[in-house]
Amino acid sequence: MSYQVINNLTPNSHGDLIKSLILKSDEIVIASPFLFTEFKTLLNEMAWDKSRTFHLITTLPENSEDQFKKISSLKSLSDQTLKKQIRCRISIDNSLHGKLYIFKLAGKYHCAIISSANCTHNGFYAAREWGVQIFDEIDIGDLHVDLIKNIEYDNIQTADIIKMHQHAEAYKKKNGSPKPKKVPLKLTNLIKGIPTIRNLPATRYFLKPIGHSGNHVKPTDRYDNRVQTLHFSKTEPKDIKIGDIFISFAVGSGRIVSIYRMRTSLKRTNDIDRWPWYVEADNLTIDFAKNWWKNNLTKEKLKLQFDNLYPGKGIKPPGHDQGFGAFQYGRDRMKITEVFGKYIIGEVLKYF
């Protein structure tokens, strides 16, 4: 197969793949309009040293506030490459929009990635990005030629980067940092509910504790990431699958924290961790999770309300006790009925 589709929807993200390819290469070309704010952590993680050459092609748009962020990024890269004695070439193409990563070893192209992912933390890990990894040496060579022939400013020297950075800092000191215009309008506030959970297909619902008896969840703890890792105890949770809904609550207060949908298959860390099994899950109620501690939705209150509204329905499948006692003994999940799961979701939606 001469290509492979890649994405950030699995634990093997763009960042993980690019890091592994860098370790297998001695010449790396990255073309990306947006960059990491600082390169120290990235270069350290990739064990980059003077045995590899790096060619970065990016933008430095004139009359744009992006110049200030970009020159700081380039200054960080220049500082780190000098410190680590990395052979680095920096070029500018202000018409660049696509993102391309090219890898060579011993003078031969062995892989390239054409992707939506910028060379940023979001592009590498957090955002929903898709790309194609290609292996045909001739095709990769043609891409490389196209990149090079459109460069506007090539082989920018360290002295030039320092001078531009100093000029930008002097401008900000005199005039203040330019602020991009932000329109005080959020049209999505007019949408009732959240589409991804208003029309959930038939699925299974679980209550999932966050924290444990020795470590209660605090209001300062944040659970508003787009993707959340959910951990399970040493007993393999064989009854869960991709698409399942986990309604999480805080151990201690019992308040609902957020609602997640399982997106990856079950993984395991090691035998030492207390909670070795884990999955990645999409956070369906990010805005709610940002202020989870302000809601008054505890699992006990929700059960009481549900029992009053739907007597005899039950919060768990028939044949099970209808309480939460198992959580007192360290249970890491509890399957609940679809009607109770959707009732909780409906109560959460009232906070939007």
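Look at D273 and R268 and you find no salt bridge, because none of the NZ, NE, NH1 or NH2 atoms lies under 4.0 Å from a carboxylate O. Salt-bridge annotation for R128 and D282: present, with a side-chain N of the basic residue lying under 4.0 Å from a carboxylate O of the acidic one. Under the 4.0 Å criterion applied to side-chain N and carboxylate O atoms, E300 and K303 are not assigned as salt-bridge partners. A salt bridge links D239 and R333; the closest N-O separation between the charged side-chain nitrogens and carboxylate oxygens is under 4.0 Å. Here D16 does not pair with K19 in a salt bridge; the nearest charged N to carboxylate O distance is not below 4.0 Å.
More than 12 heavy atoms of other residues, nucleotides or ligands shown are found within 6.0 angstrom of CG on L309. Environment of NZ in K316: crowded, with over 12 heavy atoms of neighbouring residues, nucleotides or ligands closer than 6.0 Å. The environment of CZ in F34 is sparse: at most 12 heavy-atom neighbours from other residues, nucleotides or ligands sit within 6.0 Å. With a 6.0 Å radius and a threshold of 12 heavy atoms from other residues, nucleotides or ligands, K241 has its NZ atom at or below the threshold.
A tilted orientation is assigned to the rings of H110 and F103, their planes being inclined by 30° to 60°. Below 30°, between 30° and 60°, or above 60°: for Y343 and F340 the angle between ring planes is below 30°, a parallel geometry. Ring planes of H121 and Y125: tilted class, angle from 30 to 60°. The aromatic rings of F124 and F36 sit perpendicular to each other, their planes meeting at more than 60°, with 30° as the lower class boundary.
The side-chain heavy atoms of R89 and T53, taken from C-beta on, include no pair separated by under 4.5 Å. Side-chain contact between C111 and Q133 is present, with at least one heavy-atom pair separated by less than 4.5 Å. Proximity of T58 to S32: side-chain heavy atoms (C-beta onward) are nowhere separated by under 4.5 Å. In this structure the side chain of S20 never reaches within 4.5 angstrom of the side chain of L23, judged on heavy atoms. No side-chain heavy atom of T298 sits less than 4.5 Å from a side-chain heavy atom of F249.
Following chains of ILVMFWY side-chain contacts shorter than 4.5 Å, one cannot reach I210 starting from I256, and the two form parts of different hydrophobic clusters. Both Y310 and F324 are assigned to one and the same hydrophobic cluster, defined by single-linkage of ILVMFWY side chains at heavy-atom distances under 4.5 Å. A continuous path of ILVMFWY side-chain contacts below 4.5 Å connects I156 to L74, so both sit in one hydrophobic cluster. Using a 4.5 Å cut-off between side-chain heavy atoms of Ile, Leu, Val, Met, Phe, Trp and Tyr, with links allowed through other members, F288 and Y223 fall into different hydrophobic clusters.
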*Would you check, one step at a time, whether the test side-chain contact (heavy atoms from CB on, under 4.5 Å) holds for C88 with I90?*
CA-CA 7 Å; C88 181; I90 299 175; 3.9 Å; yes
*Assess whether side-chain contact (heavy atoms from CB on, under 4.5 Å) is satisfied between H14 and S115, documenting all intermediate values.*
CA-CA 9 Å; H14 277 74; S115 177; 2.8 Å; yes
_I'd like to know whether K290 forms a salt bridge (charged side-chain N to carboxylate O under 4.0 Å, His left out) with D287, so could you lay out the CA-CA distance, the side-chain angles of the two residues, the decisive distance to 0.1 Å, and finally the verdict._
CA-CA 5 Å; K290 289 178 180 177; D287 287 341; 3.5 Å; yes
_Assess the residue pair L147 and I102 against the criterion (side-chain contact (heavy atoms from CB on, under 4.5 Å)); give the C-alpha distance rounded to whole Å, side-chain angles, the decisive distance to 0.1 Å, and a yes or no._
CA-CA 11 Å; L147 267 181; I102 296 174; 4.1 Å; yes
*Please lay out, stage by stage, how S116 and E129 fare under the test side chain to side chain donor-acceptor pair (under 3.5 Å).*
CA-CA 6 Å; S116 63; E129 308 281 4; 2.5 Å; yes
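Closest non-hydrogen pair, W292 versus V257, comes out as CB-O, 3.5 Å. Among all heavy-atom pairs drawn from Q67 and P61, the shortest one is CG-O, 2.8 Å. The two atoms that bring N283 and D224 nearest to each other are ND2-CA, 3.8 Å, heavy atoms only. Residues F68 and A168 come closest through the heavy atom pair CE2-O, 3.6 Å. Of all heavy-atom pairs spanning L207 and P209, the tightest one is O-CD, 4.1 Å.
Of the candidates I148, I114, I138, L143 forms a side-chain contact (heavy atoms from CB on, under 4.5 Å) with just one, namely I114. In summary, of the residues considered (I28, D154, I30), a side-chain contact (heavy atoms from CB on, under 4.5 Å) with H55 occurs for D154 alone. Screening V279, L266, D244 for a side-chain contact (heavy atoms from CB on, under 4.5 Å) with P237, the sole residue that qualifies is L266.
Judged by the 6.0 Å and 45° rule, K208 forms no cation-pi pair with F246.
R52 contributes a side-chain N or O that, together with a main-chain N or O of I22, makes up a donor-acceptor pair within less than 3.5 Å. One N or O on the side chain of T337 and one on the backbone of G314 form a donor-acceptor pair closer than 3.5 Å.
No side-chain donor from either of S13 and N8 sits under 3.5 Å from a side-chain acceptor of the other. Looking at S248 and S258, their side chains never bring a donor and an acceptor atom within 3.5 Å of each other.
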